[in-house]
Amino acid sequence: MRRAIVFGISFAAVVVLAYLWPSIGDSRLNGNARGAMCVAGHCCCTAAAEAADSAPSKSAQPRLTLDPNQFVGPVKEAYKFAEQHPEILAELHCYCGCDKAEGHQNLLDCYRSTHGASCEICTGEALLAKRMSEQGSPVDQIRNAIRRNFAQDN
């Protein structure tokens, strides 16, 4: 009986630790702060730890997206577009499945967290929206292009 209790408590502790590890675990590798997309030393996140530690100023308005300067490359470009044009991304559906898995209502929701950094579909959709909006395309045309390029035929 005593073994069963010890085993049960140990098992529960392991489950709780596994559940909480992403929020309490250290995301440093070789002494460098790294984010969710760090694979074989190639990272899109350069300052996630520093950004998390810094407090926003009282005069600053709340951010609709994460700071694009936390990222590099195409991911940074996508976050920058989301920050500059949230009204466009708020009208676009994301086709990666995050609406079901994470409760996202639109493409802008992907850029409120690190989800957009770890998802090629989200990045592709945002960069397509950026390209088309720079060419003067209305949101309806952007929405149709994203649907054609990213919606899966089920």
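Side-chain atoms are counted along with the backbone in the values below, which use heavy atoms only and exclude waters and symmetry mates. In this chain, residues are counted from 1 in sequence order.
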Original post:
Counting distance only, does the side-chain N/O of D140 pair as donor-acceptor with the main-chain N or O of R143 below 3.5 Å?
Top reply: no

**OP:** Check the surroundings of atom CD in Q105: do more than 12 heavy atoms from other residues, nucleotides or ligands lie under 6.0 Å from it?
**Re:** no

Subject >> Separation between CD1 of I142 and CG of L128, rounded to the nearest 0.5 Å >> reply: 8.0 Å

**OP:** Look up atom SG in C122 and atom CG in D109, then write down how far apart they are to the nearest 0.5 Å.
**Re:** 10.0 Å

Original post:
Parallel, tilted or perpendicular: which describes the rings of H93 and Y95, with under 30° parallel and over 60° perpendicular?
Top reply: perpendicular

**OP:** Measure the shortest side-chain to side-chain distance between L89 and N106 over non-hydrogen atoms and say whether it is less than 4.5 angstrom.
**Re:** no

**OP:** Return the minimal non-hydrogen interatomic distance between I146 and L92, and the atom names on each side.
**Re:** CD1-CD1, 3.7 Å

Original post:
Would you say E87 has more than 12 foreign heavy atoms packed within less than 6.0 Å of its CD?
Top reply: yes

Original post:
Does a side-chain heavy-atom distance below 4.5 Å link F81 with P68?
Top reply: no

**OP:** Hey, could you give me the CG/CE distance between L127 and M132, rounded to the nearest 0.5 Å?
**Re:** 13.5 Å

Original post:
Where do A117 and Y79 come nearest, in terms of heavy atoms and distance?
Top reply: N-OH, 3.2 Å

Subject >> I88 CD1 to L108 CG distance, which is reported to the nearest 0.5 Å >> reply: 11.0 Å

**OP:** Working to the nearest 0.5 Å, report the span between CD of E83 and CG of L64.
**Re:** 9.0 Å

Subject >> Taking every non-hydrogen atom, the tightest pair across G124 and F150 >> reply: C-CZ, 3.5 Å

Original post:
H104 vs H115 aromatic rings, parallel, tilted or perpendicular, using cut-offs 30° and 60°?
Top reply: perpendicular

Original post:
Under 3.5 Å, side chain of T123 to main-chain N/O of G116, donor-acceptor pair present?
Top reply: yes

Original post:
Nearest 0.5 Å, what's the SG-CG distance between C98 and L107?
Top reply: 8.0 Å

Subject >> Beyond-backbone contact of C110 with E125, side-chain heavy atoms, under 4.5 angstrom >> reply: no

